[in-house]
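What follows is a short report on a single structure.
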Number of protein chains: 2
Amino acid sequence: MAKIQDVAKLAGVSTATVSRVLNNPESVKNETSRRVMSAIKSLDYTPNRVAKSLSSKAQDITVGVIFPDIATFYFAELYKGMSREARENNINILLHELEEGANAREETLMNALHFLKKSNVSGILLSSRYIPKEYDQAIKRLGIPLVMVLSSHEAGSIPAFKIDDKRAAFDSVAYLVSRGHQRIGIISAITNNHNSGELRHQGFLQGIQYYNLPLSPEQIVYGKMRYDDGYKAMTELLSNHHKTKITAVFAATDEMAIGAIRCVIDSGLKVPEDISIIGYDNLSISDMTIPKLTTISQPFYEIGKESMKHMIEIIKEPDKGQKSGNHFLAYQLVERESVKELT
Amino acid sequence: MAKIQDVAKLAGVSTATVSRVLNNPESVKNETSRRVMSAIKSLDYTPNRVAKSLSSKAQDITVGVIFPDIATFYFAELYKGMSREARENNINILLHELEEGANAREETLMNALHFLKKSNVSGILLSSRYIPKEYDQAIKRLGIPLVMVLSSHEAGSIPAFKIDDKRAAFDSVAYLVSRGHQRIGIISAITNNHNSGELRHQGFLQGIQYYNLPLSPEQIVYGKMRYDDGYKAMTELLSNHHKTKITAVFAATDEMAIGAIRCVIDSGLKVPEDISIIGYDNLSISDMTIPKLTTISQPFYEIGKESMKHMIEIIKEPDKGQKSGNHFLAYQLVERESVKELT
DNA sequence: TAATTTACATTAATCGATTACAGAATTTAA
DNA sequence: TTAAATTCTGTAATCGATTAATGTAAATTA
């Protein structure tokens, strides 16, 4: 590997001049510049990045991203948003997947945090479901700015980018009511302490209350966000159907909604003719299901982009102080085929 | 930010000793070591990574990954495989998404390559659909080892990790035949010069020939790999149904298969009762469709892992020479619900 | 022609670590 | 007690760039 000295020698100039040709060409005479360039070419010289950043003190910034499972359907959109913003600002992303250990989730989060710290990231975008309060201190001690994505910090001291889950769930109920539904079941999301699931649950309850709808315990069922959970949950809901007579179901995630649809169909009923289902997320696959899913659309791309944007601001102007608390982005209810209008 | 000199001064030793305490503790007297450690603690000192790698010449290795579209359904699995292997070897990944420009694909690939080169990656894992021969020279000039993933290089001089597409497509036909199908349509994948689509097409044709099945031009239809393409293609296939009387369709990607299913259902027919459909990929969603998709399962995780493993070998022992040509991994035909046994 | 500018180029310090080599301190052997 | 061996620590070169300070040659002005 050729270094700057080699180039300098070959071109018959000093290393300073070579450096200038590369970084400040106007300050070098054309003739000299040409000689240097040809030396660079013939030696196939590329400046050593490490030496460059050590000397210029302008190390390239990299932001760490912690995500529990890359295979989550919305991950790609979220990441695209982050990635786009990062690229525009010449910032690298170090993606760290939190291993889906059955146990040891806590251990792993702290590990991830430390791993990223060691990798010298300037900030961390955290999309974990589980942030126990015990971590608060440790996080503060890290000394690296954090931004939460899609989930919020209980204490609220860490800025978070997401949609207003409570409101969106409420809107879902309102929508179902507007289509004539009164008896509504819910497949709620349980997620290791992650509060989004809970917020959606609360919003749902508020809707029920607001519209004065009936609600028996048999109408409430829980799952862990995934397809299989939705399927199982729906089985339970159906087993009480004769009693609850629900005409619609609010599923707290699209994946569960899709599982629920499958379950309904397996049991010989039809969606939406016999049971309407509304989801939450608007995954790309929710447009491919039969029937197509009516759902709350989360702006994953924007959430990713905005959270990264905010992170960059924090990094570049640390004194400015990060705006903590929730940053809500706009969501939409997308009408498709899985909710029937009752007459 | 404290540096090693500060620590040295505070502990009353030389920088060399501080460095030794950190990197070679046995060589330092306990008492000294303790003093240094406490100085490190009280100054909250962390070694500067850049300086460290410049001086030790042990820069951390990073491998670039070029992928056309992160939102592709199988991306996550592929990436997990790569990521796992990389992490075990203490290697970083720099993920670079090729912007899905309608035009300018060529430009972008070269850009991506150069961008990664500038970022000092030691190797590039390339999963692009489009590698014109014109690039051969430019790639050679790059001077960075390349490994192809999921697609192969025409000239064959770049190692590639994938499954044997031709064989797998042949097997699909064989399977359909074993279920009593004789009149089979194909939704073939067109992909800017990417040869996987073509190989599957060839394999299909070989199967048709081998089993001596009828094949009219109306049984062959093309799409660009995605859901919508599958839908459109199936529309075309159905419009000739009265003539071709096909009982089964081989779709070159799961996404297209799923689009095709939707199309069949929209047209009032049923899968697999009226038309059987077999896919290709085995995406996670192919297990969620109604009916569940019978398909060729590609080992995305392993492909990712093996390609990264090979890359690492090349990087660590450049003299050994990379084994060019195709490295085929094992695939499987997964039977589910979308193919009916004709009696 | 001498003095003053202007335009480039060079020298050498610097970034923050590691490490070969040499020297000091301590332990062991004689 | 002294020489030899061993253990520990310090000095200074080094990694490969950037850049402030400085020098020199050419161009301009008086």
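Letters A, B, ... mirror the listed sequences (proteins, then strands); counts begin at 1. Computed over heavy atoms, backbone and side chain alike; hydrogens, waters and symmetry mates excluded.
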Step through the shown structure and confirm whether more than 12 heavy atoms of other residues, nucleotides or ligands are within 6.0 Å of NZ on K305(B).
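Yes, enclosed.
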Atom [atom1] of [X] and atom [atom2] of [N]: how far apart are they, to the nearest Å?
| X | N | atom1 | atom2 | answer |
| --- | --- | --- | --- | --- |
| I40(A) | dA17(D) | CD1 | C1' | 13 Å |
| Q5(A) | dA12(C) | CD | C1' | 13 Å |
| Y45(B) | dT18(C) | OH | P | 6 Å |
| L22(B) | dG16(C) | CG | C1' | 13 Å |
| D6(B) | dC15(C) | CG | P | 11 Å |
| N48(B) | dC15(C) | CG | C1' | 8 Å |
| R35(A) | dC8(C) | CZ | P | 14 Å |
| N24(B) | dT19(C) | CG | C1' | 10 Å |

With respect to the side chain of [X], which nucleotide from [options] is positioned closest?
| X | options | answer |
| --- | --- | --- |
| K29(B) | dG16(D), dA9(C), dT9(D) | dT9(D) |
| N23(A) | dT18(D), dG16(D), dC15(C) | dT18(D) |
| T17(A) | dT19(C), dA9(C), dT18(D) | dA9(C) |
| A16(A) | dA9(C), dA17(C), dT10(C) | dT10(C) |
| K3(A) | dA9(C), dG16(C), dC15(D) | dC15(D) |
| S55(A) | dT9(D), dC15(D), dC15(C) | dC15(C) |
| S14(B) | dT19(D), dG10(D), dC15(C) | dG10(D) |
| V13(A) | dG16(D), dT10(C), dA12(D) | dT10(C) |

Starting at the 5' end of DNA chain D and moving along, which residue's nearest nucleotide shows up first, L54(B) or S33(B)?
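Between the two, 5'-proximity favours S33(B).
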Treating [X] as the side-chain partner and [Y] as the backbone partner, does any N or O pair qualify as donor plus acceptor under 3.5 Å?
| X | Y | answer |
| --- | --- | --- |
| S196(B) | L150(B) | yes |
| N48(A) | A51(A) | yes |
| S56(A) | K52(A) | yes |

Could you tell me whether R20(A) contacts a base, only the sugar-phosphate backbone, or nothing, with contacts defined as non-hydrogen atoms closer than 4.0 Å?
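The answer is base, as R20(A) lies within the cut-off (heavy atoms under 4.0 Å) of a base atom.
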Looking across every strand, which nucleic acid part, if any, lies under 4.0 Å from V28(A) by heavy atom: base, sugar-phosphate, or nothing?
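Here V28(A) touches the backbone only, sparing every base.
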Which sits closer to the 5' end of DNA chain C, N30(A) or T15(A), going by the nucleotide each is nearest to?
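Final value for this comparison: N30(A).
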Looking at R84(A) and E88(A), is any side-chain nitrogen of the basic one under 4.0 Å from a carboxylate oxygen of the acidic one?
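Yes, E88(A) and R84(A) are salt-bridged.
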